[in-house]
Amino acid sequence: METIKGKVVIVTGAATLIGAAVAEEFKARGASVVLADIDTAGGQAVAERLGSAATFIETDVTQDVSIERCVSQTVQQYGGVDFLVNLACSYVDDGLNSSREDWHTTLGVNVVGTVMMTKACRPHMVQRGGGAIVNFSSISAKVAQTGRWLYPVSKAAIAQLTRNMALDLAADGIRVNSVSPGWTWSRIMNELTHGDRAKTDKVAAPFHMLGRVGDPKEVAQSVVFLCSAQASFITGADLPVDGGYSALGPEQGVPAIPLLCD
Ligand SMILES: NC(=O)c1ccc[n+]([C@@H]2O[C@H](COP(=O)([O-])OP(=O)(O)OC[C@H]3O[C@@H](n4cnc5c(N)ncnc54)[C@H](O)[C@@H]3O)[C@@H](O)[C@H]2O)c1
């Protein structure tokens, strides 16, 4: 992971547990990290924890002016941009009942935000002779989940977008990949279970081969790997970081054939 040292990375959605873990992992490998999020209090708290290698820049990925400010401030402060992690997301989703505005919100943050951040960073990556981008897709991109339309569709779009970006940015020396996390210990799980990780693991166990939720650090390590020289021939790919969720069929881990004999 020597290739991460001295590099500059922008992480959107860095105020989250997963985003903070990604930032921390880059910092541990010697990168400078820009934490970009609309959550000022949360983002500043992460920046304070990480120390001098990290800077929080309040950024709204749905606003071009805000994106431009984030990228130009990064370049001013650190001299360029090498990596971009598009992690910010909206979970606004009421399935069939979602309004047109809800659709615009979720697609605006998750898909269009990813595109516009990429567009703004690209010239700076070209100036550095190339770079790497990691987009956040999800297990939700490939399966139907009750009452959820917007978020899964946005994540499926990101998987396709990753392939499009990878092709068109290859000539610039920019690799583009995505990660698809399974259930990962995050704000929403923390809130819903009042911090009960054992309960979260128990609920997740039947549909994750490894019988638990992922740790933010496990997702973060995959993101850093995809940016490193160890992944130099990987582009246009989606890496499941899901404890086997996507490889598990509807029969889950329960022997089904014996049921015929009952
Ligand atoms: N939590 C999981 O189990 C899980 C599973 C699969 C994929 N993921 C993906 O991991 C990523 C993080 O998920 P999470 O559950 O930690 O998310 P979260 O809801 O905790 O955080 C989303 C973050 O994005 C920021 N954000 C929202 N709108 C923004 C905007 N317009 N501009 C800038 N920042 C904005 C929020 O302030 C917040 O910090 C997402 O891309 C999500 O799709 C999460």
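Atoms within each ligand, like the ligands themselves, are counted from 1 in listed order. All residue numbers in this chain count up from 1 along the given sequence.
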K.L.:
Where the closest heavy atom to atom 17 (O) of ligand 1 is concerned, which of Y91, Y151, F136 has it?
P.N.:
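Looking at heavy atoms only, Y91 sits closest to atom 17 (O) of ligand 1.
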
K.L.:
Report yes or no: does P216 have a heavy atom closer than 4.0 Å to ligand 1?
P.N.:
no

K.L.:
Could you list which atoms of ligand 1 come closer than 4.0 Å to a heavy atom of D60?
P.N.:
30 (C), 31 (N), 32 (N)

K.L.:
Out of the candidates T59, D60, D64, only one should pair with T62 under the side-chain hydrogen bond (donor to acceptor under 3.5 Å, both in side chains) rule; please name it.
P.N.:
D60

K.L.:
Is M189 in polar range of ligand 1, meaning some N or O pair under 3.5 Å apart?
P.N.:
no

K.L.:
Just by modelled atom types, is the G130 backbone N or O under 3.5 Å from a matching donor or acceptor in the R175 side chain?
P.N.:
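The answer is no, because no donor-acceptor pair under 3.5 Å joins these two groups.
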
K.L.:
Can you list the ligand 1 atoms lying under 4.0 Å from a non-hydrogen atom of S186?
P.N.:
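Those of ligand 1 that fall under 4.0 Å from S186 are 1 (N), 2 (C), 15 (O), 16 (O).
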
K.L.:
Considering residues, nucleotides and ligands other than E101, do more than 12 of their heavy atoms fall under 6.0 Å from its CD?
P.N.:
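No, not enclosed.
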
K.L.:
Kindly indicate, with the supporting measurements, whether the criterion side-chain contact (heavy atoms from CB on, under 4.5 Å) is fulfilled by S186 and M189.
P.N.:
CA-CA 5 Å; S186 48; M189 292 178 189; 4.1 Å; yes

K.L.:
Quick check on contacts: which atoms of ligand 1 are under 4.0 angstrom from a heavy atom of G182?
P.N.:
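It comes down to these atoms of ligand 1: 3 (O), 5 (C), 6 (C).
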
K.L.:
What residue and heavy atom of the protein are closest to atom 37 (O) of ligand 1, and at what distance?
P.N.:
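Answer, as residue, atom name and distance: D37 OD1, 2.6 Å.
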
K.L.:
Applying a strict 4.0 Å limit to heavy atoms, is Q63 in contact with ligand 1?
P.N.:
no

K.L.:
Which option out of C89, A141, S154 puts a heavy atom nearest to atom 27 (C) of ligand 1?
P.N.:
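Closest candidate by heavy-atom distance is C89.
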
K.L.:
Taking both backbone and side-chain atoms of L87, is any N or O found less than 3.5 Å from an N or O belonging to ligand 1?
P.N.:
yes

K.L.:
Taking V8's backbone N and O only, do any of them form a donor-acceptor pair with D82's side chain (distance below 3.5 Å, no angle check)?
P.N.:
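Between the backbone of V8 and the side chain of D82 there is a qualifying donor-acceptor contact (under 3.5 Å).
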
K.L.:
Tell me if a side-chain donor or acceptor on D37 pairs with a main-chain N or O of A15 at a distance below 3.5 Å.
P.N.:
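Between the backbone of A15 and the side chain of D37 there is a qualifying donor-acceptor contact (under 3.5 Å).
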
K.L.:
Would you find a donor on one side and an acceptor on the other, under 3.5 Å apart, between the side chain of K199 and the backbone of T193?
P.N.:
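No.
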
K.L.:
For ligand 1, indicate whether the residue S137 contacts it via side chain, backbone, both or neither (heavy-atom separation under 4.0 Å).
P.N.:
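Answer for S137: backbone.
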
K.L.:
Minimum heavy-atom separation for S90 and T106, please, with both atom names.
P.N.:
OG-OG1, 3.3 Å

K.L.:
Just jot down the ligand 1 atoms closer than 4.0 angstrom to any heavy atom of W183, in number order.
P.N.:
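Listed by number with element, the hits are 3 (O).
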
K.L.:
For T59, take its heavy atoms, then give the atoms of ligand 1 lying under 4.0 Å from any of them.
P.N.:
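Result: 32 (N), 33 (C).
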
K.L.:
Is there a donor-acceptor pair under 3.5 Å between the side chain of S137 and the backbone N or O of K155?
P.N.:
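Side chain of S137 to backbone of K155: a pair is present.
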
K.L.:
For the hydrophobic clusters of this structure (ILVMFWY residues joined by side-chain heavy atoms under 4.5 Å, transitively), does one cluster hold both I4 and V134?
P.N.:
yes

K.L.:
Hey, which atoms in ligand 1 end up nearer than 4.0 Å to a heavy atom of S138?
P.N.:
6 (C), 7 (C)

K.L.:
Pick one of side chain, backbone, both or neither for how P181 approaches ligand 1, counting any non-hydrogen atom pair under 4.0 Å.
P.N.:
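Both the backbone and the side chain of P181 come within reach of ligand 1.
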
K.L.:
What is the nearest protein non-hydrogen atom to atom 20 (O) of ligand 1, stated with its residue, atom name and distance?
P.N.:
R187 NE, 3.1 Å

K.L.:
Does the N190 side chain pair with the main chain of R187, one donor and one acceptor, at a distance under 3.5 Å?
P.N.:
no

K.L.:
Where on L17 is there a heavy atom closer than 4.0 Å to ligand 1, on the side chain, on the backbone, on both, or on neither?
P.N.:
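No part of L17 comes within reach of ligand 1.
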
K.L.:
Counting only heavy atoms, tell me which of T16, N190, T184, V241 gets closest to atom 18 (P) of ligand 1.
P.N.:
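Of the listed residues, T16 has the closest heavy atom.
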
K.L.:
Does either side chain, that of T105 or that of D102, offer a donor lying less than 3.5 Å from an acceptor on the other one?
P.N.:
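Per modelled atom types, T105 and D102 side chains form no pair under 3.5 Å.
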
K.L.:
As a check for students: among T40, D39, T12, I38, identify the option with a heavy atom nearest to atom 29 (C) of ligand 1.
P.N.:
I38

